[in-house]
Amino acid sequence: MNTKRMVGIVAVAIAMLLVITSASPVMAQDVSTLVEKIDKNMAELKEAAEVIHEETKVIIHGVEGMPDEMKATAKTVHLCSHALKHIEVYMDSYIGRLDTYKAEPEKNKAKMLVTAGKIEALRKLYQDTIDSGDFVTTMELPVTGKAPHELVHVLVEDPDVIAKPEAKSAADDIHNALHAFDDASKAMRLNLEDLEYT
């Protein structure tokens, strides 16, 4: 083998090594940023779920003279927040794993992909708990046929709720929390997709 060819091969090998070693830290940085975003999305979801939990209690127990039907509606949404808190435990656990894996993304690529898939499945279940009428049917709750999200609109628009300032304020807070919940859930889905792509 002549010297020029050997120098050429060595030069190409060095160039490839430089590309690989310079790409790795960028990937690790990209992965870390995405995991941080997913963690932030989870914090926003939990905050919204907590508002739903606390403000439904106001309508159920904190306002005198609320009709039983409205209390039952608020109770359904309240119990939905209990389901959310249960799912959160598992989501937090998997996000914690991502946080561990992100230090060595190349080595942990397969684990990260599997974990991201599990978080997405739980995120979908989390969203469905708010949006699906199946939640109400499965729980055999007094108000049936509407998803918790729809029931919040019932609360916001009901004249009995509107007539009582504490109940109206609580219903408005729940409604705003639901929109924040939806935004955080959509953002998490996109960040999980970006993580899988990265």
Side-chain angles (χ1 to χ4, degrees), residues 12-56 77 79-136 138 146-153 172-198:
V12 169
I14 290 170
M16 288 176 68
L17 187 61
L18 286 171
V19 167
I20 290 166
T21 55
S22 66
S24 226
V26 172
M27 183 184 173
Q29 185 180 5
D30 290 346
V31 167
S32 288
T33 301
L34 286 167
V35 172
E36 285 167 17
K37 286 181 180 179
I38 292 164
D39 197 35
K40 181 176 178 264
N41 300 146
M42 189 69 234
E44 292 165 344
L45 285 170
K46 286 161 84 172
E47 184 180 342
E50 185 61 23
V51 170
I52 294 165
H53 182 263
E54 291 305 312
E55 296 302 318
T56 46
V77 181
L79 289 174
C80 141
S81 74
H82 284 233
L84 296 176
K85 284 174 180 285
H86 184 70
I87 298 166
E88 280 170 13
V89 174
Y90 295 95
M91 290 178 78
D92 273 338
S93 173
Y94 285 118
I95 291 170
R97 289 184 196 183
L98 276 185
D99 204 43
T100 302
Y101 299 150
K102 75 181 181 187
E104 296 181 276
E106 274 299 323
K107 178 182 169 188
N108 296 315
K109 186 174 10 178
K111 290 178 183 176
M112 290 187 86
L113 286 171
V114 169
T115 304
K118 288 179 179 180
I119 295 168
E120 171 54 20
L122 288 166
R123 184 208 63 81
K124 189 170 184 330
L125 180 60
Y126 205 72
Q127 186 74 50
D128 285 349
T129 302
I130 288 285
D131 290 338
S132 173
D134 287 346
F135 174 82
V136 178
T138 303
K146 291 182 188 248
H149 194 143
E150 294 172 295
L151 295 177
V152 172
H153 285 277
D172 289 344
D173 288 347
I174 297 163
H175 187 242
N176 291 336
L178 275 175
H179 285 288
F181 182 99
D182 285 343
D183 291 344
S185 179
K186 286 173 189 165
M188 180 182 274
R189 179 176 54 80
L190 293 173
N191 286 324
L192 285 165
E193 285 175 4
D194 285 349
L195 180 64
E196 289 177 9
Y197 176 78
T198 302

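Side chains are part of it too, since the values below use all heavy atoms of this structure and drop only hydrogens, waters and symmetry mates.
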Working for side chain to side chain contact (heavy atoms under 4.5 Å, CB included), residues Lys102 and Met112: CA-CA 8 Å; Lys102 75 181 181 187; Met112 290 187 86; 4.3 Å; yes
Check against side chain to side chain contact (heavy atoms under 4.5 Å, CB included), Glu88 and Leu45: CA-CA 9 Å; Glu88 280 170 13; Leu45 285 170; 5.9 Å; no
Reported CG-to-CG distance for the pair Leu113 and Leu192, which is rounded to 0.5 angstrom: 11.0 Å
Residue pairs passing the ring-ring contact (aromatic ring centres under 6.0 Å, His included) test where at least one lies in residues 99-129, sequence neighbours excluded: Tyr126-Phe181
Residue pair His179 / His175, side-chain donor-acceptor N/O under 3.5 Å: yes
Pair Asp183 + Lys186, salt bridge at N-O below 4.0 Å: no
Nearest heavy-atom neighbours spanning Val77 and Ile52: CG1-CG2, 3.7 Å
Inter- and intrachain pairs under ring-ring contact (aromatic ring centres under 6.0 Å, His included), touching residues 32-51, at least two apart: none
Neighbour count above 12 (heavy atom, 6.0 Å) for Glu47 CD: no
Qualifying residues under salt bridge (charged side-chain N to carboxylate O under 4.0 Å, His left out), relative to Glu150, sequence neighbours excluded: none
From CD (Glu120) to CD1 (Ile38), nearest 0.5 Å: 10.0 Å
Pair Glu50 + Lys46: basic N to acidic O under 4.0 Å: no
Distance, nearest 0.5 Å, that separates CZ of Arg123 from CG of Asn191: 11.0 Å
Approximate separation, where rounding is to 0.5 Å, of Leu98 CG and Leu34 CG: 10.0 Å
Any residue meeting salt bridge (charged side-chain N to carboxylate O under 4.0 Å, His left out) with Asp173, in chain and number order, not counting sequence neighbours: none
Where Asn41 and Met188 come nearest, the two heavy atoms and their spacing: OD1-CA, 3.1 Å
Closest non-hydrogen atom pair, Ile119 against Met91: O-CE, 4.4 Å
Closest non-hydrogen atom pair between Tyr94 and Thr115, with its separation: O-CG2, 3.3 Å
Heavy-atom pair of closest approach, residues Pro148 and Phe135: CG-CD2, 3.9 Å
NZ (Lys85) with more than 12 external heavy atoms under 6.0 Å: yes
Where Gly117 and Glu196 come nearest, the two heavy atoms and their spacing: N-OE2, 4.1 Å
Heavy-atom check, side chain of Asp39 versus side chain of Asp99, under 4.5 Å: no
Atom pair CD1/CG of Ile87 and Asp92 - distance to nearest 0.5 Å: 12.0 Å
Arg97 CZ to Ile95 CD1 distance, which is reported to the nearest 0.5 Å: 12.0 Å
Quick one: side chains of residues 127-134, donor-acceptor pairs under 3.5 Å with protein atoms, not counting sequence neighbours, listed by atom name and distance.
| unit_1 | atom_1 | unit_2 | atom_2 | d |
| --- | --- | --- | --- | --- |
| Gln127 | OE1 | Ser185 | OG | 2.6 |
| Gln127 | NE2 | Asp131 | OD2 | 2.8 |
| Gln127 | NE2 | Asp182 | OD1 | 2.8 |
| Asp128 | OD2 | Lys124 | NZ | 3.3 |
| Thr129 | OG1 | Leu125 | O | 2.8 |
| Asp131 | OD1 | His149 | ND1 | 3.4 |
| Ser132 | OG | Asp134 | N | 3.0 |

Listed partners of Lys37 passing salt bridge (charged side-chain N to carboxylate O under 4.0 Å, His left out), at least two apart: none
